[in-house]
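A quick write-up on the structure given underneath.
Note: hydrogens, waters and symmetry copies are ignored here, and every other heavy atom, side chains too, is used. All residue numbers in this chain count up from 1 along the given sequence.
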Amino acid sequence: MSNTDAATDKRVTGTSERREQIIQRLRQQGSVQVNDLSSFFGVSTVTIRNDLAFLEKQGVAVRAYGGALVCDSGTAAVEPTVEDKSSLNTSLKRSIARAAADLIKPGHRVILDSGTTTYEIARHLRNHKEVIAMTNGLNVANALLEAEGVELLMTGGHLRRQSLSFYGDQADQSLQNYHFDMLFLGVDAIDLERGVSTHNEDEARLNRRMCEVAERVIVVTDSTKFNRSSLHKIIDTQRIHMVITDAGIPEESLKGLRKGGIEVVLVGEEKL
């Protein structure tokens with residue numbers, strides 16, 4: 001058995017875990033083969049091809065004959081749906097969310113950007129007290145309905161169904177008269193030189209306004225989003241105060257962030 005097989009020699013119980021292990025193989029080997037993955041995971045080649053198609057949408061892989069190659073770090077990612085995002089790296093997102101929620105204390109005023117990681121943060125706020133939270137995320141707001149100790153504010157605006165997020169002039173204007181302690185910003189891509197970016201221009205504009213009205217900008221993202229860029233830039237990395245991510249972050253990214261004076265919090269996977 002190879003070192004790679006030894007590292008992943010555990011039978012998976014769901015689609016998300018299998019895809020996470022395929023990502024690990026791509027990073028270690030640079031490429032994967034459909035037949036090899038089908039045999040190892042004990043699933044059909046059709047299932048594996050669906051996995052690789054999903055990872056290609058995520059910007060992680062590029063499909064090739066008989067398998068897939070790891071995506072170049074400079075390749076811009078294609079935007080997945082909220083449903084797609086929620087099925088990938090779930091355990092890591094929950095660990096990141098727990099670390100983020102621990103930063104929020106009574107009396108804090110926070111912004112939770114739309115996204116699947118910030119949705120998990122909202123779920124961790126159920127027992128918090130005396131917190132004011134504003135969000136532009138419909139899914140985030142729904143999660144906060146169960147947090148009775150959190151006063152919920154919505155930006156309003158036009159709903160973008162692809163991301164379940166509100167945007168537009170009304171959303172921008174709703175932020176003008178507020179000042180927040182922290183912004184928890186989920187990202188589509190982050191690169192030391194290119195900064196933090198996202199797929200949609202309207203969301204990037206609203207995110208920039210959020211950064212302007214928050215005392216601290218805290219990026220919450222799993223390590224797969226590093227060394228990637230999307231079309232629309234939000235802010236330079238120098239504008240970030242803290243990054244909460246997992247130990248899979250590329251070493252050069254970790255060193256670069258810390259060298260720039262940005263606090264980096266690393267988490268492990270949370271048991272589902």
* Might you work through the side-chain contact (heavy atoms from CB on, under 4.5 Å) test for L92 and T117, ending with a clear yes or no? => CA-CA 9 Å; L92 288 176; T117 303; over 6 Å; no

* Could you go step by step and tell me if E120 and R123 meet the salt bridge (Lys or Arg N to Asp or Glu O under 4.0 Å) rule? -> CA-CA 5 Å; E120 295 293 343; R123 292 179 67 245; 2.7 Å; yes

* Tell me, with the steps shown, if D51 and R18 meet salt bridge (Lys or Arg N to Asp or Glu O under 4.0 Å). => CA-CA 9 Å; D51 289 339; R18 184 179 63 252; 2.6 Å; yes

* **Derivation and outcome, salt bridge (Lys or Arg N to Asp or Glu O under 4.0 Å), residues R208 and E212** => CA-CA 6 Å; R208 283 193 292 272; E212 292 171 359; over 6 Å; no

* Would you please test N227 and S253 for side-chain contact (heavy atoms from CB on, under 4.5 Å) and show each step? => CA-CA 8 Å; N227 292 337; S253 297; 3.3 Å; yes

* To do: Decide yes or no on side-chain contact (heavy atoms from CB on, under 4.5 Å) for R49 and S44, but give the supporting numbers first.
  => CA-CA 9 Å; R49 289 191 180 95; S44 70; over 6 Å; no

* Asked: Given the rule in the side-chain contact (heavy atoms from CB on, under 4.5 Å) test, do I218 and L103 qualify, once you have shown the distances and angles that lead to the verdict?
  -> CA-CA 10 Å; I218 302 172; L103 298 175; 4.0 Å; yes

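Checked by atom type and distance alone, the side chain of S165 never pairs as donor or acceptor with a backbone atom of G137 at under 3.5 Å. No donor-acceptor pair under 3.5 Å is formed between the side chain of D236 and the backbone N or O of R239. For the pair S95 (side chain) and G268 (backbone), a donor-acceptor distance under 3.5 Å is present. Without hydrogens or angle criteria, Q170 side chain to G156 main chain gives no donor-acceptor distance under 3.5 Å. Remark: the backbone N or O of L112 is paired with a side-chain donor or acceptor of T135 at under 3.5 angstrom. In this structure, the side chain of R25 does not engage the main chain of Q21 through any donor-acceptor pair within 3.5 Å. In this structure, H124 contributes its side chain and I121 its backbone to no donor-acceptor pair below 3.5 Å.
Here the side chains of Q173 and T155 are not in contact, with every heavy-atom distance at 4.5 Å or above. The closest side-chain heavy-atom distance from V110 to I132 is not below 4.5 Å. Under the 4.5 Å side-chain criterion, counting only non-hydrogen atoms from C-beta, Y178 is in contact with M134. By the 4.5 Å heavy-atom criterion applied to side chains, V265 and E263 are counted as neighbours. Within the 4.5 Å cutoff, side-chain heavy atoms of M242 are placed close to those of I244. A 4.5 Å side-chain heavy-atom check between V217 and M182 finds every atom pair outside the cut-off. When side chains are defined from C-beta on, L183 counts as touching M210, because their heavy atoms get closer than 4.5 Å. Looking at T245 and V220, their side chains never come closer than 4.5 Å, going by heavy atoms from C-beta outward.
Remark: E148 CD is loosely packed, at most 12 non-hydrogen atoms of other residues, nucleotides or ligands lying under 6.0 Å away. The environment of E193 atom CD is sparse: at most 12 non-hydrogen atoms of other residues, nucleotides or ligands sit within 6.0 angstrom.
Nearest approach of A101 to L125, heavy atoms of both residues: CB-CD2, 4.0 Å. Closest approach of L257 and F226 over heavy atoms only: CD1-CE2, 3.9 Å. For K225 against V187, the heavy-atom pair with the smallest separation is NZ-O, 3.3 Å. Considering every non-hydrogen atom in both I262 and I240, the closest pair reads CG1-O, 3.5 Å. Nearest heavy atoms, P250 versus S223: CD-O, 4.3 Å. Of all the heavy atoms in A189 and R228, the pair that sits closest is CB-O, 3.3 Å.
To the nearest 0.5 angstrom, L164 atom CG is 5.0 Å from N139 atom CG. The distance from atom CG of D202 to atom CG of N136, rounded to the nearest 0.5 Å, is 11.5 Å. How far OG1 of T198 is from CD1 of I190: 12.5 Å, rounded to the nearest 0.5 Å. Considering OG of S174 and CZ of F166, their distance stands at 11.0 Å, rounded to 0.5 Å. Note: L144 CG to R126 CZ = 10.0 Å, rounded to the nearest 0.5 Å. Atom CG of D181 is separated from atom NZ of K105 by 13.0 Å, given to the nearest 0.5 angstrom.
In the hydrophobic clustering of this structure, Y167 does not group with L153; members are Ile, Leu, Val, Met, Phe, Trp, Tyr whose side-chain heavy atoms approach within less than 4.5 Å, directly or through other members. By the rule that hydrophobic residues join a cluster once side-chain heavy atoms approach within less than 4.5 Å of another member, L52 and F41 end up as members of one cluster. Under the 4.5 Å side-chain heavy-atom criterion for Ile, Leu, Val, Met, Phe, Trp and Tyr, L37 and L69 are members of distinct hydrophobic clusters.
Residues meeting the ring-ring contact (aromatic ring centres under 6.0 Å, His included) test with Y119, sequence neighbours left out: none. Under the side chain to side chain donor-acceptor pair (under 3.5 Å) criterion, R216 pairs with no residue at all, not counting sequence neighbours.
R19 forms a cation-pi arrangement with F54, by the criterion of a distance under 6.0 Å to the ring centre and an angle within 45° of the ring axis.
Side-chain contact of S163 with E203: a donor-acceptor pair under 3.5 Å is present, judged by distance alone.
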